[in-house]
Amino acid sequence: MTTLLELTIKAKAEDKAALETMLIRFQPKIRKLSSSAPYAWKEDMEQELYIQLIKAIHRFEIQEVEPQWKFSHQLHSAI
């Protein structure tokens with residue numbers, strides 16, 4: 001299974017398959033968040049959440065996370 005960090009890197013590089021995989025992976029959370037909305041707003045709310053997720057992926061600064069990710073991943077693998 002591909003990690004979210006790997007998918008994010010690929011999605012930022014315009015890999016449409018990686019972006020689609022991320023959207024599918026977040027689908028249950030998006031549906032749960034929109035479930036409390038009135039029925040008439042549910043579809044619009046889900047659409048807006050997907051748009052915000054895509055924007056967040058493109059704003060995400062990988063340089064700030066990658067060194068920490070590698071360290072924690074190595075630590076986890078050693079345990």
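- Among residues at least two apart or in separate chains, there is no side chain to side chain donor-acceptor pair (under 3.5 Å) pair with a member in residues 7-18.
- Taking Ile, Leu, Val, Met, Phe, Trp and Tyr as hydrophobic and joining them when side-chain heavy atoms fall under 4.5 Å apart, one finds Trp41 isolated, its cluster having no other members.
- Sorted by first then second residue, the salt bridge (Lys or Arg N to Asp or Glu O under 4.0 Å) pairs that include residues 31-47, not counting sequence neighbours, are Lys42-Glu46.
- Other residues sharing the hydrophobic cluster of Tyr39, ordered by chain and number and joined by side-chain separations under 4.5 Å: none, the residue standing alone.
- Among residues two or more places apart in sequence or in another chain, the side-chain hydrogen bond (donor to acceptor under 3.5 Å, both in side chains) test is passed with Gln52 by Glu48.
- Taking Ile, Leu, Val, Met, Phe, Trp and Tyr as hydrophobic and joining them when side-chain heavy atoms fall under 4.5 Å apart, one finds Tyr50 in a cluster with Leu4, Leu7, Leu19, Met22, Leu23, Phe26, Ile30, Leu33, Met45, Leu49, Leu53, Ile54, Ile57.
- For CD of Gln27, the number of neighbouring non-hydrogen atoms (other residues, nucleotides, ligands) closer than 6.0 Å is greater than 12.
- The two residues Ala11 and Ala18 make their nearest non-hydrogen contact at N-CB, 3.9 Å.
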